Amino acid sequence: MEEKKRRINSPEERLVKERKDKLKLWMEKEENPYLTRFIPRHTTGWIARKCETVTSGEKTDVKVEIAGRITALRGHGKSSFADVRDAEGKIQIYAREETLGERYFLFKKLDLGDIVGVKGRVFRTRTGELTVEALDFFLLAKSLRPLPEKWHGLQDVELRYRKRYLDLLSNPNTKKIFLDRAAIIKFIRDFLNKKGFLEVETPMMQPIPGGATARPFRTHHHALGEDLYFRIAPELYLKKLVVGGIEKVYELNKNFRNEGMDRLHNPEFTMLEVYSAYSSYEEMMKLTEELVCEVAGKLKGTLKISYQGDEINLSPPWRRITFERALKEMGDIELDFQDTSRLRKTAAGLGLAVEGLRDDQIIEHLLDHQVAPKLVQPTFVIDYPFQTSLLARRKKENSALIERFEIFIGAEELGNAYSELNDPIDQRKRMMEVKGESQSLDEDFLEALEYGMPPTGGLGIGIDRLVMLLTDSASIRDVILFPQMRPKKQQ
RNA sequence: GAGCCGUUAGCUCAGCCGGUAGAGCAUCGGCCUUUUAAGCCGAGGGUCGCAGGUUCGACUCCUGCACGGCUCACCA
């Protein structure tokens with residue numbers, strides 16, 4: 001009881017109550033705002049364009065009907081100013097008792113955050129601000145809770161992620177990032193569609209999760225009585241489509257991996273995978289350069305970008321360096337990857353945890369830890385030891401290597417590609433060798449390969465990371481609208 | 001999962017070597033018809049993340065827990 005009383009009297013509840021009382025007053029004097037119909041005929045952007053040439057102090061005959069959220073209120077006794085924001089921008093509203101008569105006192109009862117419709121006439125104030133003088137106004141939705149502070153916005157990182165709507169409302173840069181994200185994805189689709197690639201959707205729920213090595217999320221299908229896994233990659237399905245004659249294909253959608261979360265990892269993330277028949281990783285390198293440059297150029301108008309304090313030049317051609325040389329030149333590591341015990345010793349000597357890791361994981365760790373931090377300018381690291389992927393084709397000249405590359409920009413891995421292994425016999429053999437670890441034998445996929453898959457180049461690009469790069473964001477959570485968070489416990 | 005750091009009013013932040021809580025914005029009341037981070041006068045608002053402990057006394061020190069950030073580990 002005591003507990004309950006205290007909660008109702010909390011300062012926040014009092015603020016809410018004040019606003020609820022104003023809502024009640026409005027409903028007594030006017031109507032239920034939640035049932036009010038008001039279709040704005042104009043936007044703030046339209047007004048700005050239309051009235052660009054109006055001079056300070058000038059009144060116009062331009063009548064407008066706009067709607068938006070009140071983001072500032074400045075009362076002056078018998079007149080008031082308000083800023084109203086819509087999707088395109090904001091505009092000042094000027095309300096006068098002389099014009100609105102008895103209803104002016106209702107205008108003064110409006111709160112920051114209220115959503116209103118305004119009919120009025122455009123003029124420009126003495127101080128040069130384009131303004132709508134309100135001839136009539138409507139409350140369309142009452143804001144019952146106070147918005148974050150106008151000047152600093154919402155700073156609390158946790159709240160920004162949990163209540164993204166508040167972040168979007170009060171931090172212009174947040175909105176910019178997500179507009180940019182949408183533009184980037186559109187540019188990618190435009191680019192690939194223009195080149196004749198077909199966008200497809202393949203299963204998010206798979207009986208055997210394949211195409212990568214990662215812990216999957218598991219779920220259960222009741223009607224089938226079967227466990228299913230959220231996909232960790234669409235790769236095997238996309239290759240089946242290449243077998244089926246869809247020679248240029250891509251999918252741009254989510255993957256799910258049940259691993260740790262950090263600055264670069266969210267359990268669900270967006271991946272682009274592209275497959276092109278009768279090509280190889282050579283062509284995929286060109287495609288990658290072209291795609292990233294097209295997107296960056298369209299978004300930023302330049303190929304010179306700044307990421308976390310580093311100046312990065314995306315102009316092709318990007319540097320290419322073999323895996324072996326990269327380790328040697330930048331990590332001062334020279335070894336035979338077949339020599340497992342020396343590999344582990346070298347890695348341990350560099351302070352890497354090797355216990356419980358497979359050879360291929362250690363090999364990749366050497367690159368990620370010793371070399372990647374130095375790869376700020378766009379770089380293709382090519383020709384990986386064959387252990388690092390079981391889906392990539394071997395190099396003709398050296399069967400210990402595979403035709404694979406990874407893209408590094410800004411010291412972060414952005415993508416991964418290879419000449420796809422299309423030999424079903426070698427594929428089966430390699431899958432058998434690692435079966436029982438993180439990959440199960442996917443007979444469906446192997447059978448598809450047995451019908452014949454053309455030599456194919458495949459490419460994967462982490463879209464969230466590309467967005468991070470192009471929006472200069474430090475964390476993946478800054479480019480995902482609702483990043484995964486631990487649920488807040490009640491009470 | 002481990003280490004380090006953080007959590008004070010609705011929001012943004014101060015708060016010293018332990019002495020009992022401060023500002024700005026927002027809110028409420030008053031004045032104000034071209035302001036714009038409007039202004040002026042006044043007021044209210046806090047279980048200092050949660051639970052223990054030490055102490056005459058804890059926002060402050062200690063322990064545990066919750067949530068978050070960074071780093072490390074798994075992964076992209």
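Order of the sequence lines sets the chain letters (A, B, ...), proteins ahead of strands, with each chain counted from 1. Everything numeric in this text was worked out from a predicted model, so none of it was measured.
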In plain terms, say whether [X] and [Y] are close enough for a salt bridge, that is, a side-chain N and a carboxylate O under 4.0 Å apart.
X	Y	value
A:Lys22	A:Asp114	no
A:Arg465	A:Glu413	no
A:Arg96	A:Glu133	yes
A:Lys90	A:Asp86	no
A:Asp136	A:Lys119	no

What is the separation between atom [atom1] on [X] and atom [atom2] on [N], rounded to the nearest whole Å?
X	N	atom1	atom2	value
A:Leu15	B:rC25	CG	P	16 Å
A:Arg215	B:rA76	CZ	C1'	16 Å
A:Leu159	B:rA9	CG	C1'	14 Å

Does [N] pair with anything, Watson-Crick or G-U wobble, both distances under 3.5 Å, and if so, with which nucleotide?
N	answer
B:rC4	B:rG69
B:rC50	B:rG64
B:rG45	none
B:rU33	none
B:rU55	none

Can you tell me if [X] touches the phosphate of [N], counting only side-chain N or O atoms and a distance under 4.0 Å to OP1 or OP2?
X	N	answer
A:Lys17	B:rU27	no
A:Arg14	B:rC28	no
A:His365	B:rC74	yes
A:Arg19	B:rU27	no
A:Lys150	B:rA26	yes

Among the nucleotides [options], which one has an atom lying closest to any side-chain atom of [X]?
X	options	answer
A:Pro11	B:rA9, B:rU33, B:rC70	B:rA9
A:Pro146	B:rA76, B:rG10, B:rU36	B:rG10
A:Gln155	B:rA26, B:rC13, B:rC74	B:rC13
A:Arg486	B:rA76, B:rC67, B:rU12	B:rC67
A:Gln361	B:rC74, B:rG69, B:rU33	B:rC74
A:His369	B:rA73, B:rU27, B:rG46	B:rA73
A:Asp262	B:rA73, B:rU34, B:rG29	B:rA73
A:Gln92	B:rU36, B:rU34, B:rU12	B:rU36
A:Lys59	B:rC13, B:rU27, B:rU34	B:rU34
A:Phe123	B:rU34, B:rA38, B:rU27	B:rU34

Does any donor-acceptor pair link the side chain of [X] with the base of [N] at a separation under 3.5 Å?
X	N	value
A:Glu129	B:rU36	yes
A:Arg74	B:rU35	yes
A:Thr127	B:rU36	yes

**Message:** Do A:Arg218 and A:Phe230 form a cation-pi contact, if we require the NZ or CZ to be under 6.0 Å from the six-membered ring centre and within 45 degrees of the ring's axis?
**Reply:** no

**Message:** Does A:Arg404 qualify as a cation-pi partner of A:Tyr384, given the criterion of NZ or CZ under 6.0 Å from the six-membered ring centre and within 45 degrees of its axis?
**Reply:** yes

Hey, does [X] reach any base, or is it just sugar-phosphate, or nothing, if we go heavy atoms under 4.0 Å?
X	result
A:Leu166	nothing
A:Tyr161	sugar-phosphate
A:Met485	sugar-phosphate
A:Lys254	nothing
A:Leu112	sugar-phosphate

**Asked** Does B:rC11 fall in syn (glycosidic angle within 90° of 0) or anti?
**Response** anti

**Message:** Using a 5.5 Å cut-off between ring centres and planes within 30 degrees, is A:Phe81 stacked on the base of B:rA38?
**Reply:** no

